[in-house]
Amino acid sequence: MKLIPIVALVACSLMLTGCQKAFDAMFGDQIRGYLLAHPELLEEMATKLQEKTLAQQSEDARKAIAANRAALERDPRDVVFNPNGKITVVEFFDYRCGYCKTITPQLTALVRENPDIRLVLKEFPIFGGASDLAARVALTPAGRAAGLGFHQALMEERTLNEAAILRLAAAAGVKSGAVASALKDEAITRHLADTRQLAQNLRIEGTPAFIVGDRLIPGADLEALKAAIEDARRGPLKRPE
């Protein structure tokens, strides 16, 4: 055996950190050079990382949904349309959310045309102010009784401020006294706080967000929502008769 390699080995054993740095530098330069020569690998790596991240998020959402199933689908305080429907769709929304407003006409048509879809509305006023007022008015007994039409009217109003909410509430039969009471109703305050906590449990930060079965659908993705509903109709997510 030659003396130089032995000396180098002894030196490395005495200065392990220095050798590791030299090793990292040598191979780091080789890897960097290879990636620069084959940049398509970076795109492939980014795609794989995104797929892995989405898969993990989907699994995390599935577990969170399972752990919060009753609060999501069976909270008696929520407004529900087609209560006897077998396929439950849960929507977290804000009345001033532009994306919520965009998808509402298709969503309400879907509910009206498909009585097997049970729509649970989760008031999630993330923009505060008028959003909070609209949510509170919708949760009053008269607001609930006004049904899907009142919900749709609030969504269709492009400039949803206090004056518009009071006008729409009056048209729906919600008296001014009920609106005033809703502002200080502790039960409604607690309901909204519980919904906010539920959204946090599911890591929902924006609106709209939909839950169908074990699937979380963020954003106004109507096609993904319809696909999830069809999967529920065909698969084990359908509630037993």
Handout entry: Residue list, salt bridge (charged side-chain N to carboxylate O under 4.0 Å, His left out) with Asp185, at least two apart or on another chain
Key = none

Problem - Separation of Leu166 CG from Leu133 CG (nearest 0.5 Å) - result: 6.5 Å

Problem - Rounded distance (nearest 0.5 Å) linking atom CD1 of Ile165 with atom OG of Ser131 - result: 7.5 Å

Problem - side chain to side chain contact (heavy atoms under 4.5 Å, CB included) partner of Ile211, the single match among Val89, Val90, Ile217 - result: Val90

Exercise for the section: Tell me, with the steps shown, if Thr195 and Arg77 meet side-chain contact (heavy atoms from CB on, under 4.5 Å). Expected result: CA-CA 10 Å; Thr195 300; Arg77 300 173 296 177; 5.9 Å; no

Exercise for the section: Could you please spell out the steps behind the side-chain contact (heavy atoms from CB on, under 4.5 Å) verdict for His191 and Glu123? Expected result: CA-CA 9 Å; His191 184 185; Glu123 300 279 357; 5.9 Å; no

Exercise for the section: Following the transitive rule for hydrophobic clusters with a side-chain heavy-atom cut-off under 4.5 Å over Ile, Leu, Val, Met, Phe, Trp and Tyr, establish whether Leu139 and Leu148 coincide in one cluster. Expected result: yes

Exercise for the section: List the steps and the verdict of side-chain contact (heavy atoms from CB on, under 4.5 Å) for Glu113 and Leu110. Expected result: CA-CA 5 Å; Glu113 294 166 7; Leu110 197 64; 5.7 Å; no

Practice task
Return yes if some donor-acceptor pair links the side-chain N/O of Lys122 with the main-chain N/O of Phe93 below 3.5 Å, else return no.
Solution key: no

Problem - Cluster link Leu107 to Leu216, ILVMFWY, side chain under 4.5 Å - result: no

Handout entry: Separation between CD1 of Ile229 and CZ of Arg215, rounded to the nearest 0.5 Å
Key = 10.5 Å

Problem - Heavy-atom pair with the smallest gap, counting every atom of Pro105 and Thr102 - result: CD-O, 3.5 Å

Exercise for the section: Could you tell me whether Tyr99 atom OH has more than 12 heavy atoms of other residues or ligands within 6.0 Å of it? Expected result: no

Handout entry: Taking every non-hydrogen atom, the tightest pair across Ala134 and Tyr95
Key = CB-CD1, 3.6 Å

Practice task
Return yes if some donor-acceptor pair links the side-chain N/O of Arg69 with the main-chain N/O of Gly213 below 3.5 Å, else return no.
Solution key: yes

Handout entry: Common cluster, Ile126/Leu198, ILVMFWY with side-chain heavy-atom separation under 4.5 Å
Key = yes

Problem - From CG (Leu192) to CD (Gln197), nearest 0.5 Å - result: 13.5 Å

Handout entry: Arg118 side chain vs Glu73 backbone, donor-acceptor pair below 3.5 Å
Key = yes

Problem - Side chain proximity check, Ile103 to Phe210, heavy atoms < 4.5 angstrom - result: yes

Handout entry: Main-chain N/O of Val120 paired with Asp78 side-chain donor or acceptor, under 3.5 Å
Key = no

Exercise for the section: Could I get the full list of side-chain contact (heavy atoms from CB on, under 4.5 Å) partners for Lys175, not counting sequence neighbours? Expected result: none

Exercise for the section: Return the orientation label for the Phe81 and His151 ring planes: parallel under 30°, perpendicular over 60°, tilted otherwise. Expected result: tilted

Exercise for the section: Taking Asp94 for its side chain and Arg96 for its backbone only, find out whether a donor-acceptor pair lies under 3.5 Å. Expected result: yes

Exercise for the section: Could you grab the distance from atom OG1 of Thr108 to atom CD of Gln106, nearest 0.5 Å is fine? Expected result: 8.0 Å

Exercise for the section: Identify, with sequence neighbours excluded, every residue that meets side-chain contact (heavy atoms from CB on, under 4.5 Å) alongside Asn82. Expected result: Val111

Exercise for the section: For residues Gly173 and Ala142, report the shortest heavy-atom separation together with the two atoms involved. Expected result: O-CB, 4.1 Å

Handout entry: Atom of Gly149, atom of Arg112 and distance for their closest heavy-atom approach
Key = N-NH2, 4.1 Å

Handout entry: N/O donor-acceptor pair under 3.5 Å between Lys226 side chain and Asp221 backbone
Key = no

Exercise for the section: Could you pull out the closest heavy-atom pair between Pro76 and Arg144, with the gap in Å? Expected result: O-NH1, 4.4 Å

Practice task
Could you tell me whether a side-chain N or O of Asn68 sits under 3.5 Å from a main-chain N or O of Leu202, the two making a donor and an acceptor?
Solution key: no

Practice task
Would you please test Val174 and Val179 for side-chain contact (heavy atoms from CB on, under 4.5 Å) and show each step?
Solution key: CA-CA 7 Å; Val174 184; Val179 174; 4.0 Å; yes

Practice task
Answer with yes or no whether the hydrophobic clustering places Ile204 together with Leu121; edges join I, L, V, M, F, W, Y residues whose side-chain heavy atoms lie under 4.5 Å apart.
Solution key: no

Exercise for the section: Check Phe92 against Ala199 and note the closest heavy-atom contact, atom names and distance. Expected result: CE2-CB, 3.9 Å

Problem - Carboxylate-amine/guanidinium contact Arg136 Asp132, below 4.0 Å - result: yes

Exercise for the section: For Arg167, look at atom CZ and say whether over 12 heavy atoms of other residues, nucleotides or ligands are found less than 6.0 Å away. Expected result: yes

Problem - Spatial distance of atom CD1 (Ile65) from atom CG (Asn201) [nearest 0.5 Å] - result: 12.0 Å

Handout entry: pair Cys97-Phe127: side-chain heavy atoms closer than 4.5 Å
Key = yes

Handout entry: Min side-chain heavy-atom separation Glu91-Leu225 under 4.5 Å
Key = no

Exercise for the section: Following the transitive rule for hydrophobic clusters with a side-chain heavy-atom cut-off under 4.5 Å over Ile, Leu, Val, Met, Phe, Trp and Tyr, establish whether Leu168 and Ile188 coincide in one cluster. Expected result: yes

